[in-house]
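All chains are named by letter (A, B, ...) in the order of the sequence lines, taking the proteins before the strands, and each is independently numbered beginning at 1.
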Amino acid sequence: MKDYGRFVESRRKEWADARAELDALERFGLSGLEFAALEGFVARHRKLSADLGLAQSRWAGSEAESTLRGLVLAGHRLIAPRAPSLFRRALRFLVEEYPAEFRARTPSLLLAILVFCGGGWLGFVLCSLNEGVAAILVGPEALAMLRQGRIWTDGLGDESSALLAVQIFVNNILVGLGAWAGGVLWGLGSVVALLRNGALVGAIVAVCARHGLGDRLLAFIPAHGMLELFLITVAGAAGFELARGAFGEVRFAEAGTRSFRLVAGTIPWFVLLGIVEGFLSPRMGFPTEAKLVVGMLILSVFLLYTRTRSK
Amino acid sequence: MHDDPDIGLAMDVRLRLRVATLGSRALAQVIDAVLLQVVHAFVLCCGGAGAIGLAGATNVSPGWALALVVLVTTLVVFGWFAIYEIGWQGQTPGKRWVGLRVVTDDGRVPDAGAIVLRNALRLVDFLPGGYLVGVITMILSPHGKRLGDLVAGTLVIVDEKAPEPTRRWPEGLPDAEVRLLEAYFARVATLEPAVRETLALRLLERLDRQPLPGVSAAVTLATLCPAAE
């Protein structure tokens, strides 16, 4: 058979043109093409695919086959439904889709709240019985400070509120993402994150109460703390949803997307709470009652938001 | 070795994707990590100096400027992979350098959601350090996927280019001979001169030709099958 040389020669120009066209389209995408141009591109892609089929069956491993592989792969990548821009998608997700997503995950959320509260209760009881346990949870330095009647919130007012806010929300978002991502290990990571965060809160409450720092703790936490702790449980619930994929209950990709949507919706709220925690919570001159009202208001707005229904 | 997955194309033609090896992915990761460190240090230095300068020259509190620096560096560090993979259709500088690309399980460009998802799961893939969880899942998974890829439905493949046909083939040459010549020209630059000449002579014999007067067999072959322009 004497077809290969003729095949390559007859297609040489076609392949060079296709390469140039694909290079340009890789940069600019298909969206700007006129319909006729798009139709032409798709027809050429089909021709290249057919030639690839030919090369695969007749001249496997040849130079022509690898040329066609490269061209067809590049074309195949381009011919795909394009998702709307990330920003527009994120906005639509937050405004229209997240509340329903949140409501649909209520059983996992209840379980996460239970685990978190279990951790809190454990931390509180253990630290009330033996304060030394708190050193493991809050760290020896923080414990020593609390024993001296000082609380970590004392110095926060001196720092820049903006810097503090950014540091806090970055940290909280990472804690939330960690609680979600840990779910991939059959839910264990999420359970540990929930128990640990719950125990930390329990330990702080126990030690502050014992050393007469309860009022100062109460003056710091309420504006941001209620929703912040709730959002940690939402992230843990997202981890439990992810674990369903690890257990094979649902497809991994499906569990991944669904659970990520649940935790992703907490990010803007963590940013808001970081700003509140940086600018409002450390202000000791601001009445505790007013902070409590702010905290309740933020929590209520979030809960109302999760009840909204898109048209 | 990983199994390379097939994807369906038009007209029932199947195409086997080439899954990236662990080594090539590690190399791409190292390149990205080094670049990331450089950019991170640059943003920190410039941002820090800018913050101090701004605070000195205006009434803006240095805290605000520092907050911005922290925000930008955090976005750079945590967004590096996702931002590049969204903007460069599945590639980061490291992946482009090594010749790899992230695609969906059916070989297409992943959407931004899938990319953000696969990169957010680096938090677990990295555990307990050095991407150990990721490496283990890559070894165990049939298509060399780390956890992020499994969850997002993505693959890292070799980004195959379309090489231009390098030679013009004389008319009427049988397919088997053209394939031999193709293999010869693909390796010719790496052959020792003596080996090259022997091979060229044997190929000419197969083609029933003689070396051109006054030139070597290798040059005769190159004249017979000239390089494509």
Side-chain angles (χ1 to χ4, degrees), chain A residues 1-6 8-9 12 15-16 18-19 22 26 45-46 49-50 52-53 56 58-59 62-64 66-74 76-78 80 83 86 89 159-163 165-167 170 174 177-178 180-182 184-185 189 242 245 252-253 255-257 260 264, chain B residues 7 9-15 17 61-64 66-68 70-71 74 78 86 89-90 101 103-105 107-109 111-114 116-117 120-121 123-124 127 133 147 150-153 159-176 178-179 182 186 228:
Chain A
M1 278 179 283
K2 298 175 179 177
D3 304 318
Y4 182 69
R6 203 166 46 230
V8 173
E9 282 312 313
R12 190 183 295 277
W15 295 346
R19 192 178 295 103
L22 286 164
E26 285 233 317
H45 177 67
R46 286 175 71 87
S49 298
L52 174 64
Q56 279 178 339
R58 183 62 75 85
W59 306 295
S62 65
E63 198 177 56
S66 59
T67 300
L68 283 162
R69 280 181 64 90
L71 293 174
V72 170
L73 270 173
H76 182 73
R77 271 201 305 275
L78 283 166
L86 186 60
R89 240 181 101 183
E159 289 183 30
S160 154
S161 299
L163 185 60
V166 170
Q167 286 170 330
V170 165
L174 287 178
L177 285 175
W180 158 72
V184 83
L185 307 172
L242 184 55
F252 223 151
T257 311
F260 186 65
Chain B
I7 56 168
L9 302 173
M11 294 158 292
D12 273 344
V13 177
R14 309 286 305 169
L15 192 130
L17 299 173
S61 142
W64 278 94
L66 281 174
L68 191 66
V70 171
L71 197 62
T74 307
F78 289 96
I86 292 169
Q89 304 196 328
R101 192 186 283 273
V103 293
T104 59
D105 286 345
R108 298 182 190 277
V109 177
D111 66 20
V116 171
L117 181 55
L121 269 161
L123 281 171
V124 179
L127 292 175
V133 168
L147 275 177
L150 281 170
V151 173
D159 185 34
E160 293 180 55
K161 299 291 175 206
E164 228 165 309
T166 45
R167 299 271 153 185
R168 293 191 174 277
W169 308 114
E171 267 194 53
L173 218 53
D175 287 1
V178 180
R179 300 292 306 280
E182 207 174 68

For A/F260 and B/V116, run side-chain contact (heavy atoms from CB on, under 4.5 Å): C-alpha distance rounded to whole Å, both residues' side-chain angles, the deciding distance at 0.1 Å, then the answer. CA-CA 9 Å; A/F260 186 65; B/V116 171; 3.5 Å; yes
Check against side-chain contact (heavy atoms from CB on, under 4.5 Å), A/R12 and B/R168: CA-CA 9 Å; A/R12 190 183 295 277; B/R168 293 191 174 277; 3.4 Å; yes
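Your options are B/L121, B/T104, B/V151, and the one with the most heavy-atom pairs under 4.5 Å with chain A is B/V151. Of all the listed residues (A/G182, A/A255, A/A162, A/G178), the one sharing the greatest number of non-hydrogen pairs under 4.5 Å with chain B is A/A162. Per-residue heavy-atom pair counts under 4.5 Å with chain A were compared for B/A162, B/G107, B/G153, B/A186, and the maximum is reached by B/A162. Per-residue counts of heavy-atom pairs under 4.5 Å with chain A were compared for B/A120, B/G90, B/A114; the largest is that of B/A120. Of the listed residues (A/A181, A/G5, A/G53), the greatest number of heavy-atom pairs within a distance under 4.5 Å of chain B belongs to A/A181. Comparing B/V178, B/D159, B/L150 by heavy-atom pairs within less than 4.5 Å of chain A, the highest count is held by B/L150. Contact count versus chain A (heavy atoms, under 4.5 Å) is highest, among B/V133, B/L71, B/L117, B/L68, for B/L117.
In this structure the side chain of B/E182 reaches within 4.5 angstrom of the side chain of A/S62, judged on heavy atoms. Annotation: side chain of B/R167 is not in contact with side chain of A/E63 (no heavy-atom distance under 4.5 Å). Residues A/L174 and B/F78 meet the side-chain proximity criterion, which asks for heavy atoms closer than 4.5 Å. In this structure the side chain of A/L73 reaches within 4.5 angstrom of the side chain of B/L17, judged on heavy atoms. Between A/W180 and B/L123, every side-chain heavy-atom pair lies at or beyond the 4.5 Å cut-off.
Only the side chain of A/L242 comes within contact range of chain B, judged by heavy atoms closer than 4.5 Å. For A/R19, the part lying under 4.5 angstrom from a heavy atom of chain B is the side chain only. Only the side chain of A/L185 comes within contact range of chain B, with heavy atoms under 4.5 Å apart.
Remark: side-chain polar atoms of A/Q167 are not paired, donor with acceptor, to backbone N or O of B/A67 under 3.5 angstrom. In this structure, A/R69 contributes its side chain and B/E160 its backbone to no donor-acceptor pair below 3.5 Å. Using a distance-only test at 3.5 Å, with no hydrogens or angles considered, no donor-acceptor pair links the side chain of A/T67 to the main chain of B/E164.
Here the closest heavy-atom approach between residue B/D175 and residue A/D3 is recorded as OD1-N, 2.7 Å. The two residues B/R101 and A/R77 have their closest heavy-atom pair at NE-CZ, 3.2 Å.
In this structure, A/H76 NE2 and B/L15 CG are separated by 8.5 Å, a value rounded to the nearest 0.5 Å.
Not counting sequence neighbours, the partners of A/W59 by the ring-ring contact (aromatic ring centres under 6.0 Å, His included) test are A/Y4, A/F7.
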